[in-house]
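Shown next, in structure tokens, is the structure this report addresses.
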Amino acid sequence: RFPQAGTDVDKLKRSLLQFNYSCLPNEDGSLKGATRVGNSVGMDIDHIPAEEMKPLIERILAAKDELGLLLLEKSARGEGLHAAFKRHLDMSNEENLRWASDLLGVEYDKGAKDITRVFFATTASAEDLLFLDDAIFDNNEAEANEGGKAKTGVEEKTQVKTEEET
């Protein structure tokens, strides 16, 4: 699973498919400057010590209903996790991440709070893809209840960040 010494891991990662779980792309398909939030939020949990990985996975799966878990996968390097969960429309992207972080008792990657953040996909093996709810494939633009607008948090500077930039 892990590359041999001397392997350019960052180069390999850039060849992987990238997913975004928090926004919808602009009309031209780009993410830079996107402001339309999706129904889900992507959470990056990095640098998990090996002995803490299994208990953390079990804790996340035990909270899947309360969290509204849509996806849980190991990160490309295998030292972290990606989780996607249902968006709380009254919260910004960062507020959603803080809420999930508090619920799960784990820190999220503070550099990955922007709605345009992408995640490098891993494999669909049971070792990498730990949980998948079909609802993740129905990620339309989020609509707030009672005709309001979903809180985007886009008032903050929005720019595309890949894992190589953070």
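All values reported here derive from a predicted model rather than from experimental measurement. Starting from 1, each residue takes its place in the sequence as its number.
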Closest approach of [X] and [Y], non-hydrogen atoms and distance?
{"X": "Leu97", "Y": "Tyr108", "value": "O-CD2, 3.7 Å"}
{"X": "Gly80", "Y": "Ile48", "value": "CA-CD1, 3.9 Å"}
{"X": "Ile136", "Y": "Ala84", "value": "CD1-CB, 3.9 Å"}
{"X": "Gly38", "Y": "Ala142", "value": "O-CB, 3.4 Å"}
{"X": "Asp138", "Y": "Asn39", "value": "O-ND2, 4.0 Å"}
{"X": "Cys23", "Y": "Leu31", "value": "SG-CD2, 3.8 Å"}

Given side-chain contact (heavy atoms from CB on, under 4.5 Å), test Phe137 with Leu132 step by step and report yes or no.
CA-CA 10 Å; Phe137 300 109; Leu132 181 67; 4.1 Å; yes

Mind checking what makes ring-ring contact (aromatic ring centres under 6.0 Å, His included) contact with Phe85, not counting sequence neighbours?
none

To the closest 0.5 Å, what do you measure between CD (Glu127) and OG1 (Thr123)?
7.0 Å

Same cluster (ILVMFWY, side-chain, under 4.5 Å), [X] and [Y]:
{"X": "Leu129", "Y": "Leu17", "answer": "yes"}
{"X": "Val106", "Y": "Leu81", "answer": "yes"}
{"X": "Met91", "Y": "Leu24", "answer": "no"}

Listed partners of Asp102 passing side-chain contact (heavy atoms from CB on, under 4.5 Å), at least two apart:
none

Partners passing salt bridge (charged side-chain N to carboxylate O under 4.0 Å, His left out) against Glu107 (at least two apart in sequence or in another chain):
Lys110

If we only count heavy atoms from C-beta on, is the Ser22 to Arg87 side-chain gap below 4.5 Å?
yes

Would a 4.5 Å heavy-atom cut-off, applied to side chains only, mark Met43 and Ser101 as touching?
yes

If we ignore angles and hydrogens, is there a donor and acceptor under 3.5 Å between the side chains of Asn93 and Arg117?
no

Which residues pass the side chain to side chain donor-acceptor pair (under 3.5 Å) test with Asn26, not counting sequence neighbours?
Ser30

Would you be so kind as to tabulate the donor-acceptor pairs closer than 3.5 Å made by side chains of residues 55-73, with sequence neighbours excluded?
{"unit_1": "Arg59", "atom_1": "NE", "unit_2": "Leu104", "atom_2": "O", "d": "2.7"}
{"unit_1": "Arg59", "atom_1": "NH2", "unit_2": "Leu104", "atom_2": "O", "d": "3.3"}
{"unit_1": "Glu73", "atom_1": "OE2", "unit_2": "His82", "atom_2": "ND1", "d": "2.9"}

All pairs passing ring pair (Phe, Tyr, Trp, His ring centres under 6.0 Å) where residues 20-40 contributes a residue, at least two apart:
Tyr21-Phe119

Is there a donor-acceptor pair under 3.5 Å between the side chain of Asn96 and the backbone N or O of His88?
yes

